[in-house]
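Structure record follows, encoded as structure tokens.
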Amino acid sequence: MRRDRTHLLYMAVIVAVLLGILVGFVWPDVGKELKPLGTAFVNLVKMMIGPIIFCTIVLGVGSVSKAAKVGKVGGLTIGYFTIMSTVALIIGLVVGNFIDPGSGLHLTDAAKQAAEAEAAKGAAAGSTDFLLGIIPTTLVSAFTEGQTLQTLLVALLVGFALLAMGPKAAPILTAVEHIQRLVFRILAMIMWAAPIGAFGAIAAVVGATGLDALKALGIIMVAFYITCLLFVGLVLGPLLWMVAKVGMWPLFRYLGREFLLILSTSSSEAALPRLIAKMEHLGVSRTVAGITVPTGYSFNLDGTAIYLTMATLFVASATGAPLAFGEQIALLLFMMIASKGAAGVTGAGLATLAGALQSHRPALVDGVGLIVGIDRFMSEARALTNFAGNAVGTILVATWTGDFDRERAAEVLAGNAPFDESTLLDEDEQPEPPAADDERREMSPV
């Protein structure tokens, strides 16, 4: 077995994060100038998301024997994610009412100006606009515009078309499989730039924020982190064990490098391609991993859901306009829709919060400026919780559909079947051809 040298890469990421914090504190102006390094790395990873989602879904859908299988996976995925997002919103509402962290703060003119900028950036769109936005302008524009749901739609259409083509689709599936190996290899190369990206991202946020914002608004930050931990430990953990008999800690240890990547870049999207690859390696079928993971990145934003409710209650309390119980229930229903569009907004959590308040309670929008200073630190917990929820959701959906290999998972989580970090694919396994003629005759709708 080849020696895994990528552990040096992730040690370098840890060192880079510590150096970034040091530079941000000692030379804040220099730290702020390093922000493009973090942005460049995240953009490099995002560049690969579209091709990876497309290849994974096309191979997953095009290789199944029955189209109904895909519909079952998609229905379970959206249903589960809707329920879990609602649970996360309720938890945020309960904790936000309990701690009432916004009391005693005052809104400054600078905060009002910052809030107005975020509201303009994240003006909430209606559900009709959101649904129409899933349809790309052209067949290839989904890849050029970086829209996950648009890529998902195109990949599903191509997969079903290949399924209907029968044996004639075999050469196309083989070509897509080779392209998938190529894009994963490119991603593995990009990951070696992770220390530089982590250094720039951390140095910039520490340089811009410093300790003042942390001291002034520490309560809401601590409460948010604790709430996310409670959601993961008391909701996701027991559910994962009851359904799939998989422990939360072994799973998190297996995904440790992805969590570190998210922590250093504050973007769960940076780990999306790796999550797809690792779920397949763990024993989740290609079809389930290819559909559930990308869908979760738009529909299962558990951390963002908790943030939206807690931050809204915080703003309402801080501006002296606390919400009544009936208003909180209305807010809960409204945020269920608003949170679904968070993945497509730059600065997702803060911009979506400002845009949602602009539509629901315009009087509270100015109060968003109170948390602009610490939003970057809270986004770490949002991204980590979103990622954890998507990983758990993928395993649960695979278990419910009978597409989860528990024996394989036990072997992987025990460390007996290490993930190939150099290719992000199981190169040692010799997969069968995408479609044998006799199997394709079964697949063909005619």
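When the shell of 6.0 Å around CD of E33 is examined, it contains 12 or fewer heavy atoms from other residues, nucleotides or ligands. Within 6.0 Å of CD1 in I196 there are 12 or fewer heavy atoms belonging to other residues, nucleotides or ligands.
Applying the side chain to side chain contact (heavy atoms under 4.5 Å, CB included) test between V397 and each of V284, T292, V243 identifies T292 as the sole match.
Considering every non-hydrogen atom in both T227 and A223, the closest pair reads OG1-O, 2.7 Å. Contact between T399 and A244 at its shortest, heavy atoms only, is OG1-CB, 3.5 Å.
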Inset, instruction - Before giving the answer on side chain to side chain contact (heavy atoms under 4.5 Å, CB included), spell out for T401 and L76 the whole-Å C-alpha distance, their side-chain angles and the decisive distance to 0.1 Å. - result: CA-CA 9 Å; T401 58; L76 275 173; 3.4 Å; yes

Inset, instruction - Start with the C-alpha distance between L396 and F404, add both sets of side-chain angles, then the distance that settles side chain to side chain contact (heavy atoms under 4.5 Å, CB included), and finish with yes or no. - result: CA-CA 9 Å; L396 294 179; F404 182 57; over 6 Å; no

Legend entry - Verdict with reasoning, I190 to M47, per side chain to side chain contact (heavy atoms under 4.5 Å, CB included): CA-CA 10 Å; I190 290 173; M47 174 182 72; 4.0 Å; yes

Legend entry - Verdict with reasoning, V288 to M279, per side chain to side chain contact (heavy atoms under 4.5 Å, CB included): CA-CA 9 Å; V288 174; M279 287 293 102; over 6 Å; no

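Separation of atoms CZ (F81) and CG (D302) is listed at 8.5 Å; rounding is to 0.5 Å. The distance from the CZ atom of R382 to the SG atom of C228 is 9.5 Å, given to the nearest 0.5 Å. Rounding to the nearest 0.5 Å gives a distance of 10.5 Å between CD1 of I172 and CD1 of I179.
Judged by distance alone, with hydrogens and angles left aside, the side-chain atoms of K278 form a donor-acceptor pair with the main-chain N or O of Y254 at under 3.5 Å.
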